[in-house]
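These notes concern the structure reproduced below.
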Amino acid sequence: MGLSTHVLDTMHGGPAAGMKVSLFTTTEDGHATLVKSFTLNHDGRNPDGPLYDNDSLKKGTYRLVFDVKGYFASKNVELPEPNFLNNVSLDFGVAHTDQHYHVPLLVSPWSYSTYRGS
């Protein structure tokens, strides 16, 4: 239960180890408060486990920001200036705190997709 994320690098075909990610809570007027920043581990996940456990996750809106440009630059991918994707920001809502919210990101320097995983 709780909230988790996982990032896969579709250009290289594996986890996005080393990508920087930030988690924010958000309000209806767009204000965002940083909860934590972290660097993905060898498996493309938060090294500390879930972002929120079941008891800590609250109903509300959240934002995950993924440093796509920085990650691909660190992999020596030749990127145009400006790069097509810099930060990928995903805003999402949590309506049911008794359920698990998994927010995966599949990403390349030119595209991304996400969904609510399990």
- Query: What do the steps show when you test E81 against K69 for side-chain contact (heavy atoms from CB on, under 4.5 Å), and what is the final call?
  - Reply: CA-CA 10 Å; E81 189 56 46; K69 180 180 178 182; 3.3 Å; yes
- Task: Would you sort out whether M11 and F72 count as a side-chain contact (heavy atoms from CB on, under 4.5 Å), showing the intermediate values?
- Result: CA-CA 9 Å; M11 180 180 190; F72 284 107; 4.1 Å; yes
- Query: Are L3 and H102 close enough, and set up right, to give a side-chain contact (heavy atoms from CB on, under 4.5 Å), and what steps lead you there?
  - Reply: CA-CA 6 Å; L3 173 64; H102 182 63; over 6 Å; no
- Task: Just do the side-chain contact (heavy atoms from CB on, under 4.5 Å) check on H12 and V77 with the steps written out, would you?
- Result: CA-CA 10 Å; H12 296 104; V77 174; 3.7 Å; yes
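Listed for the T26 side chain is no donor-acceptor partner under 3.5 Å among the backbone atoms of A32. Looking at Y101, its side chain never comes within 3.5 Å of a backbone N or O of L57 through a donor-acceptor pair. Proximity of a side-chain donor or acceptor of H6 to a complementary backbone N or O of D43 within less than 3.5 Å is detected. Proximity of a side-chain donor or acceptor of N83 to a complementary backbone N or O of N86 within less than 3.5 Å is not detected.
With hydrophobic clusters built from ILVMFWY side chains whose heavy atoms lie under 4.5 angstrom apart, W110 does not share a cluster with L106. In terms of hydrophobic clustering, with Ile, Leu, Val, Met, Phe, Trp and Tyr side chains grouped at heavy-atom distances under 4.5 Å, L90 and V65 are assigned to different clusters. L23 is connected to Y112 through a chain of hydrophobic side-chain contacts under 4.5 Å among Ile, Leu, Val, Met, Phe, Trp and Tyr, so both are in one cluster. A continuous path of Ile, Leu, Val, Met, Phe, Trp and Tyr side chains, each step under 4.5 Å between heavy atoms, connects F38 with F66, placing both in one hydrophobic cluster.
For the residue pair H100 and S4, a side-chain donor N or O sits within less than 3.5 Å of a side-chain acceptor on the partner. Between the side chains of T27 and D29, at least one donor-acceptor pair of N or O atoms lies under 3.5 Å.
Note: D98 CG to N54 CG = 7.5 Å, rounded to the nearest 0.5 Å. Between the CG atom of L34 and the CZ atom of F24 there is a distance of 5.0 Å, given to the nearest 0.5 Å. For the atom pair OG1 (T97) and CG (D55), the distance works out to 9.5 Å, reported to the nearest 0.5 Å. The distance from the CG atom of D67 to the CG atom of L85 is 11.5 Å, given to the nearest 0.5 Å. In this structure, the separation between CG on L40 and OG1 on T5 is 7.0 Å, given to the nearest 0.5 Å.
Using cut-offs of 30° and 60° for the angle between ring planes, the Y52 and Y62 rings count as perpendicular.
Taking the ring centre of F92 as origin, the terminal cationic atom of R63 falls outside the region bounded by 6.0 Å and 45° from the ring axis.
Nearest heavy-atom pair, S22 versus S37, reported as atom, atom and distance to 0.1 Å: OG-OG, 2.9 Å. Considering every non-hydrogen atom in both V68 and V88, the closest pair reads CG2-CG2, 3.5 Å. Looking at every heavy atom in both residues, L79 comes nearest to P109 through CD2-CB, 3.8 Å. Residue T10 comes nearest to S108 through the heavy atom pair OG1-CB, 3.6 Å, listed as atom of the first residue, atom of the second, then distance.
Shown here is K20, whose NZ atom has no more than 12 heavy atoms of other residues, nucleotides or ligands within 6.0 Å. A 6.0 Å sphere centred on CZ of F84 holds no more than 12 heavy atoms belonging to other residues, nucleotides or ligands.
Tested against L64 for a side chain to side chain contact (heavy atoms under 4.5 Å, CB included), the candidates T114, V103, L105, D91 yield a single pass: V103.
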